[in-house]
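Here the structure is laid out as C-alpha cells; the discussion comes afterwards.
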Protein chains: 2
Amino acid sequence: MYSQAEENYLKCIYALEMEHGEEVSTNLIASKIKTKASSVTDMLKKLSTKDLVAYKKYQGVKLTERGRETALRVVRKHRLWECFLVQKLDFKWDEVHEIAEQLEHIESDLLIDKLDAFLRFPKTDPHGDPIPDKHGRMIISETVKVLDMKIGSSGILTGVRDSSGPFLKYLNKKNLALGDKIKVIDIEPYDQSVHIETRTHRLVISNNVAENLYLRNVK
Amino acid sequence: MYSQAEENYLKCIYALEMEHGEEVSTNLIASKIKTKASSVTDMLKKLSTKDLVAYKKYQGVKLTERGRETALRVVRKHRLWECFLVQKLDFKWDEVHEIAEQLEHIESDLLIDKLDAFLRFPKTDPHGDPIPDKHGRMIISETVKVLDMKIGSSGILTGVRDSSGPFLKYLNKKNLALGDKIKVIDIEPYDQSVHIETRTHRLVISNNVAENLYLRNVK
DNA sequence: AACATTTTTTAGACTAACCTAAATATTCTT
DNA sequence: AAGAATATTTAGGTTAGTCTAAAAAATGTT
Ligand SMILES: [Mn+2]
Ligand SMILES: [Mn+2]
Ligand SMILES: [Mn+2]
Ligand SMILES: [Mn+2]
C-alpha cells in the first residue's frame, strides 16, 4: 500500500505531533528521520497529494485522519513485534528497536491480528508505550514525571521517554526495570538530581535521567 | 547488506539451478521473477560486480560460492518464517508464502537464530522443503515421484513440487496432507492418472497432480 | 550455408528517494 | 522597520530498479 519511506515519515510526524502538539516543522522531521530538509519537503508534497497530511508551504504539516490511521497501524505493528521479540524470543528491551523498525513494514492485516492474539493482546510494549488495537484505540495511562513527585512518595516505573539503546542500557546497569516501585527520597535543589530508592537499592539519578522516567502514582 | 531485489534474484537463481542444473538463462529468471529480460541483464551485471554470480554475456549465469551462501541464508529465513506462521500463528500451509516473501528480507542474524531455537530447529518447512542450518547445511530426503512407485506399494507424502496456493488448496480439498500414507493402487496407462488410497479414502489424481507429489518409500 | 526465429543485450527513459547548492520566505534582533 | 539569522523550498543531480524499443548474438531450419 504505502512504501517504507512513506510509513516512516507518517510514524515520525505522528510521534512529533504527540510530543510537540500542533503543526510539525520540516526541520524537526528532518532531524528525527536523519535526512535533509529538502528531502522532507519532497516527501511532504507527496504525502499531501495522497491526502495523508495537510501541508501548506512554510506552514508545517499535520496528519489527516487517513494519515493518523495509517501511522497508528505502523505503530501498532512496531510495538507488537517488540513484544514478540521480548516475550517469545527472549530479546532484551534495549535490543528490539532496530529489528522492529524493519518488521513494522510487513504488510498483512491477518498476520498482525494473529500475532496480537498469540501475544494475548498486550496493552503496552516493552518500553511501556501503549499498543493501539486494530481500530487504532489504545490505553494511555496517567503518568507523573519523577520531578513532579512529592518527596517521600512512591510510584511504579511504567514508561521511559527516551527508549534509545544507551538509555535503556544505563537503566539495565542501574538495575531499574519497568514495574519497579520507586520511592523519591530527595530532590537536590542545586542540580535537580534525585535520590531514589527501590525495593533492592538506593541511588542518585541525574536530572536528565529523571526527566526520562515516567511513574504511575501508587498510594 | 543486500537489497531486497538482489536477494530475490539470488534466491531465484538458486531455485532454478536446483531445478534445471548448470547455467540459468536470462529469460528463465525473467519469467520466474515476473520482470523483463532487460531488467535481468542489468541485475546480473550488478550481481556479477559484487561477486555473487558468474556471468558472461549470452552464456547464462551461475551463483558463486558467496552467492550461494547468500541465497541459502534467504531460503533459510523464508522457510523458518513459514514454520513460525504455521506452527505458532495457525496459518494454513497455503497462506504463508506471500508473507514469508516479505519476512525473508528482515536482517538480523540474532533474530533468525533465536527464531530457529524458538521453533525447536525444524528440519523442513510446511511444504516439506528442507531448512538450511546457520552454516547452510540441510537434510535432503530421498523421495520418489508417484509415477515411479511400484503398483501396490505405499509411501509417505513428504513434499510437493508445486507449492503455489491453487495446488495446495486442491490438496486441502482432497484431504491430502504432508505425512499421509499413500498407497498406489493403479496407474492408468492411457493418461497416466493414478488411483491412490489413503488411510481414510480413495481417489484418482491426474498425471499433473501426481508429478507434483513426492513420497518417501516405506516398507 | 543462408535465412528466420528466438534470446539476449544495449540505449534511452522513468519513478522513488535521496543529495547539494542556491533562492526565497519567515522570524528574530536591534 | 531594516538587516541578520534561520527555516524552508526550489533547482538540478544521483542511484536503484524498472520499462520499451532497437540492435546484436545465438540457435534452428531448410
Ligand atoms: Mn522501538
Ligand atoms: Mn517501543
Ligand atoms: Mn514459500
Ligand atoms: Mn515453503
Side-chain angles (χ1 to χ4, degrees), chain A residues 1-13 16-17 19-63 67 70-71 74 101-102 104-107, chain B residues 1-13 16-17 19-63 67 70-71 74 101-102 104-107:
Chain A
M1 195 74 168
Y2 299 111
S3 72
Q4 298 202 182
E6 288 169 332
E7 289 190 344
N8 285 336
Y9 274 91
L10 292 174
K11 191 165 61 109
C12 170
I13 295 166
L16 293 173
E17 279 184 4
E19 202 174 342
H20 297 77
E22 61 194 52
E23 280 81 11
V24 173
S25 77
T26 301
N27 267 350
L28 204 52
I29 297 169
S31 79
K32 180 138 181 165
I33 256 175
K34 288 182 198 341
T35 186
K36 300 295 153 140
S38 54
S39 304
V40 174
T41 301
D42 284 351
M43 182 57 89
L44 293 183
K45 285 179 185 167
K46 179 152 60 123
L47 295 176
S48 182
T49 68
K50 296 191 179 184
D51 191 34
L52 294 163
V53 301
Y55 167 66
K56 287 224 306 275
K57 272 192 196 180
Y58 296 102
Q59 304 291 129
V61 76
K62 255 170 68 178
L63 293 176
T70 308
V74 179
E101 283 296 318
Q102 300 179 61
E104 72 190 3
H105 303 294
I106 301 295
E107 186 179 313
Chain B
M1 194 74 168
Y2 298 112
S3 72
Q4 298 201 182
E6 289 168 333
E7 289 189 344
N8 285 336
Y9 274 93
L10 291 175
K11 191 165 62 107
C12 171
I13 296 166
L16 292 173
E17 280 185 3
E19 203 174 340
H20 297 77
E22 61 193 54
E23 280 81 10
V24 173
S25 77
T26 301
N27 267 352
L28 204 53
I29 297 169
S31 79
K32 180 140 182 164
I33 256 175
K34 287 182 197 344
T35 186
K36 301 293 154 144
S38 54
S39 306
V40 175
T41 301
D42 285 351
M43 181 58 87
L44 294 183
K45 284 179 186 168
K46 179 149 64 117
L47 295 176
S48 182
T49 68
K50 297 190 177 184
D51 191 33
L52 294 163
V53 301
Y55 166 66
K56 288 223 305 278
K57 273 193 195 180
Y58 296 103
Q59 305 291 130
V61 75
K62 256 170 66 179
L63 294 175
T70 308
V74 179
E101 283 296 318
Q102 299 180 62
E104 72 190 2
H105 303 294
I106 301 295
E107 187 179 314

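Each chain gets a letter, A, B and so on, in the order the sequences are listed, and its residues count up from 1.
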Task: Whole-Å gap separating C1' (dA16(D)) and CG (L47(B)) - done: 12 Å
Open item on the list: Just the rounded figure in Å: distance from C1' of dT18(D) to CD1 of I33(B).
Closed with: 12 Å
- [ ] Using atom CG of L28(B) as one end and atom P of dT7(C) as the other, report the distance to the nearest whole Å.
- [x] 11 Å
TODO: Let me know the distance between CG of D42(A) and P of dC19(C), rounded to the nearest Å.
DONE: 10 Å
Open item on the list: Nearest whole Å is fine: how far is dC18(C) C1' from L44(A) CG?
Closed with: 14 Å
TODO: Rounded off to whole Å, could you give me the CG-to-C1' distance for the N27(B) and dA26(D) pair?
DONE: 12 Å
Dump every N/O contact between nucleotides 21-28 of chain C and the protein below 3.5 Å, one line per pair.
unit_1, atom_1, unit_2, atom_2, d
dA25(C), O4', Y58(A), OH, 3.3

Open item on the list: Quick check: on DNA chain C, is the nucleotide nearest G60(B) upstream (toward 5') of the one nearest A37(A), or the reverse? Name the residue that is more 5'.
Closed with: G60(B)
TODO: Whole angstrom is fine here: how far is it from CG in N8(A) over to C1' in dC18(C)?
DONE: 14 Å
Open item on the list: Any side-chain to backbone donor/acceptor pair from E6(B) onto L47(B)? Under 3.5 Å, distance only.
Closed with: no
TODO: Tell me which nucleotide among dT20(C), dC19(D), dT10(D) gets nearest to the side chain of K36(A).
DONE: dT20(C)
TODO: In whole angstrom, give the distance that lies between atom OH of Y55(A) and atom C1' of dA7(D).
DONE: 11 Å
Open item on the list: I want to check something: taking the side chain as every heavy atom from C-beta on, are L10(A) and L52(A) in contact at a cut-off of under 4.5 Å?
Closed with: yes
